[in-house]
Each structure stands twice: as C-alpha cells, then as structure tokens.
Amino acid sequence: MGRTIAIGDVHGCAREFEKLLKKLKPQKSDRIIQLGDLINKGPDSHEAIELARAHDIQTIMGNHEMRLLQAKEEKNFKYLNSYYQETIKQLSKKDWKYLKQLPKFIYENALDTVFVHGGFCPNEPWHSQSLDTVTTVQVITKKGLPEKRTYRSKSKLWVSYWKNDTSVIYGHTPRRRIYRKRNTLCLDTGCVYGGKLTAYLVEEDKLISVKAKRAYC
Ligand SMILES: [Mn+2]
C-alpha cells in the first residue's frame, strides 16, 4: 500500500521543494498532497508548479492561488502586489490550467482526515464552508467569523474550536515548528521566510523537512 504524504506551503521555493521530494523518494503508489500556496513570495512559482505536475502531486487551493485566479477572472491584475506580478510573468498556459482545477479540500475516508489550506470555522459544517473561509481562516472572532491572525491577535485560533473526530492537516499559518492541537496538524514551517519546508507521512506519523537556503521574503 502506498503512503499518504502532505507537504506544507511551498510559496515558490522550488529548490527546497525539489530537495524535499528527493528525500521522500516518491513511489508510484504514494499519494502526495500539497496543502496550497504553492506559488508567490518565493523565486520560482512556475518551477514549483512544474514539480507538482511532474510528481503527480495533488495541490489544494490556497489563498494565493485563489486571489490570482479571481484577478484573472476579473481581467484585472493591477491591484495585485509585486510578488503576484512576478508569478504572472512566469506562468505558462499549462500552469494556469493546473491552478484552475485545484480543489477546496480533500477528504480521505480511510484516514478520516481532511486536507485543507487554512482551516474551518466553528459555526458551520466543515464540508459546506466557502472557499474564501477555508483558504484564509487563522483565528475566529467573537462573532464566530474567520479572520487573519495579525488583525485579531487576541482571538483564538480556529483549531481551538475544532471538536470534530475528523483529523485536519493544514498549512497557511507559519510557525517555526509544526503545530499540533488535538487531531489537527499545521505543516507551514515558513520556508519562504527562511524556515523549513515540511512533509508529513500520515500512516507513519513521521515528519521530514528541509531547511530553506535563505529567506526569500
Ligand atoms: Mn496561505
């Protein structure tokens, strides 16, 4: 039986992504899921997508992919900041096609685990939450709404409200180390900020990571 492997936020750090894949030695029977924010901020968004495609990796939609696709839909890239502009320069038609088909989350029945970029809000069943919520949530306001960590430093993390038996593996909220709380696991170890890129081998409950060559952002 193959392994289930989750990989945290790559953010265009293709060099580290490639190094991590080499360490993982992927087999044909493995299922590899990248938790979104494959692109932007780092130097090689195009290369990161190429690697994901070449290794048959299933990427989940992150807030960076979502914003970029929204801008494309609206045919208005002007309001996007400089790292989006850099990404847009790099992307091929094939890359755009890859980004367009990314799912909101992936649920693995056999593992009773959901893979998602940001997380979930407590006030609604997780499977019916909006793309905007699941890609952006970090903390929960008093009204039960999703918010960024920096805007609401006193609000509790969304995982504090997670009472479901289903496990969640997610990214989006970078920390120096992986973050476990009950049956949730955050794999964003801030590679693009000079941290690490981390993979989690679900069945073995094992972590593998590579250090960033430098801080890119
Ligand atoms: Mn994110």
Side-chain angles (χ1 to χ4, degrees), residues 6-14 16-17 20 32-45 48-49 51-52 57-72 79-88 90-91 95 98-106 114-121 126 129-141 145-153 155-159 162 168-179 181 184-200 209 212 215-217:
I7 297 176
D9 301 41
V10 173
H11 275 306
C13 297
E16 288 80 359
F17 192 22
L20 182 63
I32 310 179
I33 297 168
Q34 195 278 323
L35 297 168
D37 284 1
L38 180 60
I39 60 161
N40 278 0
K41 296 190 176 182
D44 302 306
S45 290
I49 298 172
L51 283 165
I57 294 170
Q58 175 63 72
T59 302
I60 293 167
M61 188 74 77
N63 53 308
H64 283 264
E65 289 83 16
M66 179 186 68
R67 293 270 175 271
L68 185 64
L69 290 165
Q70 277 171 351
K72 182 150 172 90
Y79 69 93
L80 296 175
N81 70 21
S82 59
Y83 54 70
Y84 280 93
Q85 304 300 342
E86 181 51 44
T87 298
I88 291 162
Q90 292 180 16
L91 296 189
D95 297 340
Y98 182 83
L99 296 179
K100 261 192 189 160
Q101 50 82 44
L102 304 184
K104 187 152 74 165
F105 45 69
I106 291 172
V114 58
F115 300 84
V116 67
H117 180 63
F120 298 104
C121 267
W126 64 262
Q129 300 190 15
S130 71
L131 180 63
D132 201 68
T133 295
V134 304
T135 57
T136 61
V137 65
Q138 291 182 317
V139 299
I140 305 294
T141 68
L145 300 171
E147 189 57 275
K148 274 191 178 181
R149 185 172 49 171
T150 44
Y151 295 164
R152 300 271 179 170
S153 55
S155 298
K156 279 191 187 168
L157 295 163
W158 73 266
V159 291
W162 186 255
V168 187
I169 298 175
Y170 66 106
H172 184 57
T173 301
R175 294 181 181 85
R176 262 171 214 268
R177 295 162 188 270
I178 59 131
Y179 182 72
K181 195 171 170 97
T184 68
L185 171 62
C186 181
L187 280 185
D188 187 358
T189 41
C191 184
V192 78
Y193 308 108
K196 291 175 188 168
L197 183 62
T198 302
Y200 178 61
S209 59
Y216 301 95
C217 183

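Throughout, numbering of the chain's residues begins at 1 and tracks the sequence. Counting starts at 1 for both ligands and their atoms, in listed order.
The six-membered or imidazole ring of Trp162 lies away from that of Tyr170, with a centre-to-centre distance of 6.0 Å or more. For Tyr216 and His11, the gap between ring centers reaches or exceeds 6.0 Å.
Side chains of Asn40 and Thr87: a donor-acceptor N/O pair is present below 3.5 angstrom, by distance only.
In this structure, the side chains of Ile88 and Leu80 come closer than 4.5 Å at one or more pairs of heavy atoms. Counting only heavy atoms from C-beta outward, the side chains of His117 and Asp9 approach each other to under 4.5 Å.
With a cut-off of 2.8 Å, the protein N/O/S atoms near the Mn ion (ligand 1) add up to 4.
Remark: Lys104 does not engage Asp132 in a salt bridge, criterion side-chain N to carboxylate O under 4.0 Å.
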